[in-house]
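Read through the structure below, which is laid out as structure tokens, and then see the notes.
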Amino acid sequence: MVEELRTVSTPQGMIQYLLAVKKVKNMNLRVRPDGLVHVSVSRRVPKTAADDFVRSRADWIAARLAERAAGPGPLAPPDREAALPVLRASLERMWPLVEPLGVKKPELKARFMTSRWGSCHWTRGIIVLNTALTVVPQELLDYVTLHELVHFLHPNHGAGFYAAMDRLLPEWRVRRSALRSYTLAR
């Protein structure tokens, strides 16, 4: 993997980002919890295309950086054993929404993750929830739990996934936006 720090001029001002050239299918953009803008591209994508991609997403990047600056500080990793009952309670609240759709109750695992709130291993019947979710408001924890449960119906983030989220939790976008104000400790 090759990494390079680059700077581009945008209507929102200069944006510095870390370009990572590695084996990926698509251009990926994220703003890390520490505020670093990170873009990953495949080897066949010219660096100027990555610059253009950052320019085209300048509004989104500025909004994420503003959220990070205004949001609460980084969440420390809570104890796994103390977190499990809270996470299990969320699973008990949210699973009934997907059970009628044929989703079997998954095995729940908990661990502190520095870049994800949760993950779904749909082929193995497991969801993993971040222990840091125990210190955010319950409605945000429940959003993440449902998000992972919906992956048993739609393993990717395609149109079907979002349609299911809209049906099951119409205000999920508001909750996702609120969750983005929290950052994970590294």
Side-chain angles (χ1 to χ4, degrees), residues 24-35 38 40 57 60-61 63-68 70-186:
V24 292
K25 288 183 189 177
N26 303 307
M27 273 196 256
N28 299 299
L29 168 67
R30 68 182 182 139
V31 177
R32 296 193 328 202
D34 61 4
H38 187 271
S40 54
R57 300 298 310 242
W60 181 87
I61 293 167
R64 296 297 80 73
L65 291 172
E67 286 172 3
R68 299 249 190 274
L75 300 176
D79 175 71
R80 182 183 171 283
E81 292 307 313
L84 268 170
V86 176
L87 301 176
R88 275 194 196 104
S90 179
L91 180 60
E92 293 301 322
R93 285 190 299 274
M94 303 315 287
W95 178 64
L97 296 176
V98 295
E99 181 186 17
L101 304 174
V103 175
K104 293 182 178 161
K105 187 182 279 185
E107 178 184 349
L108 174 64
K109 294 189 177 187
R111 68 183 175 101
F112 180 71
M113 297 178 269
T114 59
S115 62
R116 293 177 174 218
W117 293 109
S119 63
C120 174
H121 304 280
W122 60 274
T123 58
R124 298 188 340 221
I126 298 170
I127 64 170
V128 181
L129 296 177
N130 194 327
T131 57
L133 286 166
T134 61
V135 296
V136 302
Q138 178 180 306
E139 63 270 12
L140 305 184
L141 163 58
D142 287 349
Y143 152 70
V144 173
T145 303
L146 182 62
H147 178 112
E148 300 310 333
L149 289 168
V150 170
H151 279 307
F152 288 105
L153 300 168
H154 303 280
N156 57 33
H157 289 116
F161 174 87
Y162 293 113
M165 287 296 293
D166 286 339
R167 267 191 326 277
L168 298 169
L169 190 67
E171 71 282 1
W172 71 268
R173 286 179 178 85
V174 172
R175 294 184 187 196
R176 178 182 65 183
S177 180
L179 187 61
R180 286 181 173 158
S181 69
Y182 292 87
T183 57
L184 296 166
R186 289 202 177 259

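Worth saying up front: this structure is predicted, and the values here are computed from it rather than measured.
- For R80 (side chain) and A110 (main-chain N/O), a donor-acceptor pair under 3.5 Å exists by modelled atom type.
- With sequence neighbours excluded, no residue forms a salt bridge (charged side-chain N to carboxylate O under 4.0 Å, His left out) with R176.
- Shown here for W122 and H151, the closest heavy-atom pair between the two residues is CB-O, 3.9 Å.
- With sequence neighbours excluded, no residue forms a salt bridge (charged side-chain N to carboxylate O under 4.0 Å, His left out) with E99.
- Contacts of Y162 classified as ring-ring contact (aromatic ring centres under 6.0 Å, His included), with partners at least two apart in sequence or in another chain: W172.
- Taking each heavy atom of P106 and F152 in turn, the nearest pair found is CB-CZ, 3.6 Å.
- Nearest approach of E148 to S119, heavy atoms of both residues: OE1-C, 3.3 Å.
- For W95 (side chain) and T145 (main-chain N/O), no donor-acceptor pair under 3.5 Å exists by modelled atom type.
- Under the side-chain contact (heavy atoms from CB on, under 4.5 Å) criterion, W60 pairs with L29, V31, R57, R64, not counting sequence neighbours.
- In this structure, the separation between CG on L146 and CZ on R93 is 12.0 Å, given to the nearest 0.5 Å.
- Rounding to the nearest 0.5 Å gives a distance of 10.5 Å between CG of D166 and CD of E171.
- One distance of note links CG of D142 with OG of S90; it measures 3.5 Å at 0.5 Å rounding.
- With sequence neighbours excluded, the residues satisfying side-chain contact (heavy atoms from CB on, under 4.5 Å) with P137 are E139, L140, Y182.
- For the residue pair V150 and M165, the shortest heavy atom distance occurs at CG2-SD, 3.6 Å.
- Annotation: R116, atom CZ; neighbour count of heavy atoms from other residues, nucleotides and ligands within 6.0 Å does not exceed 12.
- What you find for N26 and N28 is that their closest heavy atoms are O-ND2, 3.1 Å.
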**Audit row: L168, M94, side-chain contact (heavy atoms from CB on, under 4.5 Å) steps and yes/no** = CA-CA 10 Å; L168 298 169; M94 303 315 287; over 6 Å; no
### Query
Would L149 and L91 satisfy side-chain contact (heavy atoms from CB on, under 4.5 Å), going step by step from the backbone distance to the final call?
CA-CA 9 Å; L149 289 168; L91 180 60; 3.9 Å; yes
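- The line from CG of L97 to CZ of R167 is 11.5 Å long, rounded to the nearest 0.5 Å.
- Between the CG atom in L179 and the CH2 atom in W117 there is a gap of 5.0 Å [rounded to 0.5 Å].
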Inset, instruction - Could you walk me through whether F112 and N130 pass side-chain contact (heavy atoms from CB on, under 4.5 Å), step by step? - result: CA-CA 5 Å; F112 180 71; N130 194 327; 3.4 Å; yes
So K109 and E107, side-chain contact (heavy atoms from CB on, under 4.5 Å) or not? Walk me through it.
CA-CA 7 Å; K109 294 189 177 187; E107 178 184 349; 3.2 Å; yes
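- Partners of V86 under the side-chain contact (heavy atoms from CB on, under 4.5 Å) rule, at least two apart in sequence or in another chain, are T134, L141.
- Note that the CE atom of M113 and the OG atom of S115 stand 8.0 Å from one another [nearest 0.5 Å].
- Taking every heavy atom of both residues into account, L108 and L87 meet most closely at CD2-C, 3.7 Å.
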